[in-house]
Amino acid sequence: QVQLVESGGGLVPAGGSLRLSCSTSDNIFRSNSMGWFRQAPGKQRELVAAISSGDTTHYADSVMGRFTISRDGAQNTVNLQMNSLKPEDTGIYYCNLGRTFVGVLTGRGRYWGQGTQVTVSS
């Protein structure tokens, strides 16, 4: 009955910004790693960014310097600040929660959110 709730997707012009959030219960949030993945039609799911329970972070080369992943303990959320958005950033973004950082980096966390659509127009 673990639930991950994503929010913040939308339509934005190239060069704009969006902030995605993924929330869960307090006890799960504090002891797990979390990652953001995205998938466009006809393309494979890919890792965007991930953060460990100790706040170690990892970013895909394609988003390095533009996206920032962070934890907000007060809100029990993991956020993804996306700046300088490009049309190739378009896709459904999913959060993944797991017990290990390595597991989340490879999309093997046990729990997934329902996804939120991000569309970047040119």
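This one's a predicted model, so the numbers in the text were calculated from it and none came from an experiment.
The minimum heavy-atom distance linking Ser53 with Ser31 is given by the pair CB-C, 4.1 Å. Residues Ser122 and Pro87 come closest through the heavy atom pair CB-CG, 3.8 Å. Residues Leu85 and Leu18 come closest through the heavy atom pair CD1-N, 3.8 Å. Taking each heavy atom of Ala50 and Leu105 in turn, the nearest pair found is CB-CD2, 3.8 Å. The two residues Gln117 and Thr90 come nearest to each other via the heavy atoms NE2-CG2, 4.1 Å. Pairing each heavy atom of Ser70 with each of Arg19, the nearest pair is OG-NH2, 4.3 Å.
Met64 and Phe101 fall into different hydrophobic clusters, defined by Ile, Leu, Val, Met, Phe, Trp and Tyr side-chain heavy atoms under 4.5 Å apart, directly or through other members. Linking Ile, Leu, Val, Met, Phe, Trp and Tyr residues whenever their side-chain heavy atoms come within less than 4.5 Å places Tyr111 and Trp36 in a single cluster. Residues Leu80 and Ile51 are members of one and the same hydrophobic cluster, defined by side-chain heavy-atom contacts under 4.5 angstrom among Ile, Leu, Val, Met, Phe, Trp and Tyr. Hydrophobic cluster membership is shared by Val78 and Tyr93, with clusters built from Ile, Leu, Val, Met, Phe, Trp and Tyr side chains linked at under 4.5 angstrom.
With 3.5 Å as the limit, one finds no donor-acceptor pair spanning the side chains of Asn76 and Ser23. Using modelled atom types and a 3.5 Å distance limit, the side chains of Asn79 and Gln81 yield no donor-acceptor pair.
The closest side-chain heavy-atom distance from Met82 to Val48 is not below 4.5 Å. Using a 4.5 Å heavy-atom threshold, the side chains of Arg66 and Tyr59 count as separate. With a 4.5 Å cut-off on side-chain heavy atoms, Leu20 and Val118 count as touching. With a 4.5 Å cut-off on side-chain heavy atoms, Asp89 and Phe67 count as touching.
To the nearest 0.5 Å, the span separating OG1 on Thr57 from CD1 on Ile69 amounts to 8.0 Å. Taking CG of Asp72 as the start and OG1 of Thr77 as the end, the distance is 4.0 Å to the nearest 0.5 Å. Summarising the geometry, atom CG belonging to Leu4 is positioned 12.5 Å from atom OG belonging to Ser21; distances are rounded to the nearest 0.5 Å. Phe37 contributes atom CZ, which lies 7.0 Å from atom OG1 of Thr106 (distance to the nearest 0.5 angstrom).
Asn96 places no side-chain N or O within donor-acceptor distance of the main-chain N or O of Met34, the cut-off being under 3.5 Å. With hydrogens and angles ignored, the 3.5 Å screen pairs a side-chain donor or acceptor of Glu6 with a backbone N or O of Gln114.
Summarising the local packing, CZ of Arg108 is surrounded by 12 or fewer heavy atoms from other residues, nucleotides or ligands at distances under 6.0 Å. Other residues, nucleotides and ligands contribute more than 12 heavy atoms inside 6.0 Å of the CZ atom of Arg45.
Screening residues 24-122 for disulfide bond (SG atoms under 2.5 Å apart), with sequence neighbours left out, gives Cys22-Cys95.
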Criterion side-chain contact (heavy atoms from CB on, under 4.5 Å) on Arg38 and Val63, from CA distance to verdict: CA-CA 12 Å; Arg38 67 188 179 192; Val63 307; 4.0 Å; yes
